[in-house]
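One structure is given here, and the rest of the page talks about it.
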2 protein chains.
Amino acid sequence: MLSLVDLRDRIGAGRLTPQGAVSLAREAIANRDPEVGAIVRLDPAAPVPDEGPLAGIAVGLKDIIDTADLPTEMGSPLYAGWRPRADAPVVARLKRLGAVPLAKTTTTAFAFLDPTETRNPRNLAHTPGGSSAGSAAAVAAGMLPLALGTQTGGSVIRPAAFCGVVGVKPSFRLLPTVGVKCFSWALDTVGLFAARVADAAHALALLADRPAIDLPAGDPGLPRIGLLRQDFCAPPAPEALAALERAAAAAERAGAQVRDLDLPPIFAEAFARHPVIQDFEAAQALAWEYDHHRNALPPLLRAQLDGAQRVGPAEYDASRRIAHQARRSLKDVFGEEGVDVILTLSAPGPAPEGLASTGDARFNRLWTLMGVPCVTVPVETTAEGLPLGVQVIARFGDDGRALAAARLIERAIG
Amino acid sequence: MLSLVDLRDRIGAGRLTPQGAVSLAREAIANRDPEVGAIVRLDPAAPVPDEGPLAGIAVGLKDIIDTADLPTEMGSPLYAGWRPRADAPVVARLKRLGAVPLAKTTTTAFAFLDPTETRNPRNLAHTPGGSSAGSAAAVAAGMLPLALGTQTGGSVIRPAAFCGVVGVKPSFRLLPTVGVKCFSWALDTVGLFAARVADAAHALALLADRPAIDLPAGDPGLPRIGLLRQDFCAPPAPEALAALERAAAAAERAGAQVRDLDLPPIFAEAFARHPVIQDFEAAQALAWEYDHHRNALPPLLRAQLDGAQRVGPAEYDASRRIAHQARRSLKDVFGEEGVDVILTLSAPGPAPEGLASTGDARFNRLWTLMGVPCVTVPVETTAEGLPLGVQVIARFGDDGRALAAARLIERAIG
C-alpha cells in the first residue's frame with residue numbers, strides 16, 4: 001500500500017517530488033485497476049501543487065462527493081456525466097492542502113446496498129464491501145494513499161475492514177457533508193481510508209484543521225479499553241470474535257487496561273431505531289429520484305424507498321428521542337464507567353464471497369447514530385487471505401484518542 | 001394578498017379551478033413584479049395538477065433552492081444559468097402535494113447581506129429585507145400565496161416583518177435543507193411566507209406531514225406568554241417596542257397570560273457566538289467560490305469570508321458548547337418558568353429606507369441558533385406605510401403552538 005506519511009517523508013527529504021508521488025499512484029492504478037475496478041474516472045490533467053502539507057498526495061473521492069473538475073455520477077445512470085458547479089468543501093480543503101483529487105471512486109448507487117462491480121483486492125472473488133467500495137479497494141490495492149468515503153450505516157468501517165485498510169468515521173460533522181449527495185442528513189458522515197493509522201490520523205488532522213487529532217500512540221496515556229461484543233446484534237462469525245479477543249489481549253500486553261463492557265438497554269433500542277431515521281430521511285432526500293425515476297433505481301434501493309414511504313413523522317420523532325437518550329447515556333459510559341475507548345467488531349466477519357452483497361453493517365449502525373469517532377484497524381488475515389479488523393470508538397469529539405488507541409493496537413499486533 | 005386557505009376553499013367549493021388559481025398568480029406577477037422585482041424566473045409551462053391538498057397553489061422558491069426544471073442561480077453570476085439535476089426535497093414535496101413551483105424568487109448572493117434590486121411592495125423606496133427578499137416581497141405584493149425562503153441569521157423573519165406578511169422559521173430541520181445552497185449547516189433553516197397565520201400553518205403542516213401543526217387559535221389552550229425585549233441586543237426603534245407592547249396587551253385582552261421575561265446570561269453569550277458558528281461554517285461551505293472566484297463575490301460577502309478564514313476550530317467548538325448550554329437552558333425557560341411561547345421583536349424597526357442595506361437580524365440570530373420555531377405576524381403599519389411585526393417563539397418541535405399563539409395575536413390585533 002502507499003503510505004501517506006511515508007510519501008510525505010520522502011517528499012520532505014527531497015527523495016521524491018510531488019509529481020513523482022502522484023505518478024506512483026497513476027502507475028498503480030494502471031496496473032491494478034483493470035482487475036479491481038475501483039476507479040470511476042481519473043483526472044487526466046490534475047494539477048500537482050509543489051507546496052502544501054499534502055503536496056504529492058493523490059486522493060480518491062467516492063463518486064457522491066461533488067467535484068467541479070470531474071463528473072459526479074452517484075453510482076447511478078440518472079447522474080451519468082453529471083458535472084456539479086462547485087467542489088464539495090472537503091475537496092476544496094484537500095486542494096488547499098496541496099493534495100491532488102486524482103480519481104472518483106466507485107460507490108453503490110446513492111451509497112445504498114446495491115453492489116458495484118468493484119472487487120476486493122485481497123481476494124478478487126470477494127466483495128470489497130460498500131458503499132464506499134472504490135475508496136476502500138483503491139487504498140487496499142496500493143493505488144492511492146488516501147481516499148474519502150461516507151458512512152450512513154457502515155459504509156466506511158465495513159469496507160475498510162473487508163479490504164484490510166484503516167478506515168476512520170470521524171465525529172459527526174467534523175468534516176462537512178456539504179456537496180455530498182445526501183441519504184440521511186442526521187447520519188451521513190464523511191470518512192477516510194488510508195494504509196496505516198498514522199496516515200489516517202495525519203490526513204484527518206489536516207482536513208479538520210485540528211493538529212491534536214494526530215497524536216502519537218500512547219499519548220494521551222495508555223487507554224482504558226472497554227471490550228464490547230455488541231450482543232444486541234446477531235452474533236458475528238467465530239473468527240471475527242476470536243480476532244477481537246486477540247486484539248484486546250495484545251492491547252493489554254502493550255499496557256492498556258482492558259475490561260468487558262456491557263451497555264444499558266437504551267443502546268439496543270437506539271440500534272433498532274437507526275433504520276427508521278435512515279428511511280424517513282432517505283425518502284425525502286431522494287424524493288426527486290423516486291418520484292421521477294423510480295424504475296431507474298436499482299432493486300435494493302427501490303424496495304427500501306418503497307418501504308420508506310410508510311415511515312411517518314411520529315415514528316421518526318420517537319426514534320430521534322431514543323437516539324438522543326442513548327447519546328447522553330454514552331457520555332456516562334465514557335465518564336462514570338472510566339472507559340477511554342470502546343473496542344469492538346468492525347464487521348460480522350471477513351468479506352463475503354461473491355459480489356452479490358456488500359456485507360452487513362450491523363456492528364456499525366449504532367455508532368453512526370451516536371455520531372462518535374470510529375476507527376477500524378486490520379488485525380488478522382484469514383486462510384483465504386481476507387482481512388479482519390477491529391473497531392475503536394471514542395467519545396464525541398475525541399477523534400484523536402480513538403486514533404491513538406487504534407495506533408497502539410496496530411503496533412501491538414504488528 | 002393571495003390567501004392560500006382562501007384559494008383552497010374556493011377550489012374545494014368548485015368556485016375556482018387550480019388552473020384559475022395559478023392564473024391569478026401569473027396575472028399578479030405580470031402587474032406587480034415590474035416595479036417590485038421579486039421574481040428571478042417564471043416557469044412558462046409549469047404543470048398544474050388537478051388533485052392534491054395544495055392543488056392550485058403557486059409557490060415561489062428562493063433562488064438557492066434547487067429545481068430540476070428551472071435554473072438556480074444563488075443570486076450570483078457564478079451560477080448564471082445553473083441547472084441542478086434534481087429538485088430539492090422541499091420542492092419534490094410541494095409537487096407531491098399538488099402545488100405548482102411557479103417562480104424562483106430573488107435572493108441576496110448566497111443568502112448573505114449584499115442587497116438585491118428587489119423593492120418593498122409596501123413602500124418601494126424601502127428594502128424588503130433579506131436574504132429571502134423575493135419570497136417575502138412576492139407574497140406581500142399579492143403575487144403568490146406561498147413562498148419558501150431560508151434563514152441562517154434572520155433571513156425569513158426579518159423580510160417577512162418588513163413586508164408585512166407572516167413568516168415562519170420552523171424547528172431546525174423540520175423541513176430538510178438538502179438541495180439548498182449551504183451557508184452554515186448548523187443554522188440554515190427552510191422557512192415560509194404566506195398572507196395570514198392560517199395560511200402558513202396549513203402549508204407547514206402539509207409540507208412537514210404533521211397535521212398537528214395546523215391548530216386553530218386558542219388550541220391547545222390560551223397561551224402563557226413571556227414578553228421578552230432581548231436586552232442583550234442594541235435597543236430597537238421606539239415604535240417597534242411600542243408595537244410589541246401593544247401586541248402583548250391585545251393578547252392579554254384576548255385571554256392570554258402575559259408576563260415579562262428575562263433570560264439568564266447564557267443567552268447573551270450564545271447570541272454573541274452566532275456569528276462565530278456562521279463564519280466558521282460559511283468559510284468551508286463557500287470554499288470553492290472563495291478559492292476560485294473571490295473577485296466575483298459581492299463586497300459584503302467577500303469581506304465576511306476574508307474575516308471568516310481566521311475563525312479557528314477552537315473558537316468554533318467553544319461557541320458550539322455555549323449554544324448547546326443555552327439550548328438546554330431554554331428548555332427550563334419553557335418548563336420551569338411556565339411559559340408556552342415567547343413574544344418578542346421581529347426586527348429593530350420598520351424596513352430601512354433605500355436598497356443599500358437589507359436591515360439588521362439581531363433580534364433573530366439567537367433563535368436561529370436555538371433551532372426553535374419562530375413566527376412573525378404583522379401587527380401595525382407606520383405612517384410611511386411600513387409594517388411592523390412581532391415574533392412568537394415556542395420550544396423545539398412545538399411549531400403548532402407558536403403558530404396558534406401567532407394566530408391568536410393576529411386575531412386580537414385585527
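Chain naming here is simple, since letters A, B, ... match the order of the sequence lines and numbering starts at 1 in each. Here the structure is a predicted model, which means the values were calculated and not measured.
- Of the possible donor and acceptor atoms, one in the side chain of B:T368 sits under 3.5 Å from a partner among the backbone N and O of B:G153.
- Residue B:E289 touches chain A through its side chain alone, counting heavy-atom pairs closer than 4.5 Å.
- Looking at B:A314, neither its backbone nor its side chain comes within 4.5 Å of chain A, counting heavy atoms on both sides.
- Contacts with chain B were tallied for A:A283, A:P84, A:P313, A:A287; A:P313 has the most, counting heavy-atom pairs under 4.5 Å.
- Looking only at side-chain heavy atoms (C-beta outward), B:V180 and B:D66 stay at 4.5 Å or farther from each other.
- Only the backbone of A:A208 comes within contact range of chain B, with at least one heavy atom under 4.5 Å from a heavy atom of that chain.
- Under the 4.5 Å side-chain criterion, counting only non-hydrogen atoms from C-beta, A:I322 is not in contact with A:S319.
- Pairing each heavy atom of A:R327 with each of A:L369, the nearest pair is NH1-O, 2.5 Å.
- Interface check for chain B: of the options A:A68, A:C182, A:P176, the most heavy-atom pairs under 4.5 Å are formed by A:P176.
- Of the listed residues B:W82, B:W185, B:W288, the one with more heavy-atom pairs under 4.5 angstrom with chain A than any other is B:W288.
- Of the atoms belonging to B:Y316, it is side-chain heavy atoms, and not backbone ones, that fall under 4.5 Å from chain A.
- Within the 4.5 angstrom heavy-atom criterion, only backbone atoms of B:R83 (N, CA, C, O) approach chain A.
- Under the 4.5 Å side-chain criterion, counting only non-hydrogen atoms from C-beta, B:L207 is in contact with B:L148.
- With chain B as the partner, the residue from A:R210, A:Q284, A:H292 showing the most heavy-atom pairs under 4.5 Å is A:R210.
- Looking at B:D209, the atoms closer than 4.5 Å to chain A (heavy atoms on both sides) sit in the backbone and in the side chain alike.
- The closest side-chain heavy-atom distance from A:T72 to A:Y79 is not below 4.5 Å.
- Chosen from B:K181, B:Q309, B:R93, B:H293, the residue pairing most often with chain A at heavy-atom distances under 4.5 Å is B:Q309.
- Ranked by heavy-atom pairs under 4.5 Å with chain B, the list A:D87, A:V178, A:V90, A:V91 is led by A:D87.
- Electrostatic pairing of B:K104 and B:E73 does not count as a salt bridge here, judged by no charged N lying under 4.0 Å from a carboxylate O.
- Aromatic pair A:F183/A:F112: centroids less than 6.0 angstrom apart.
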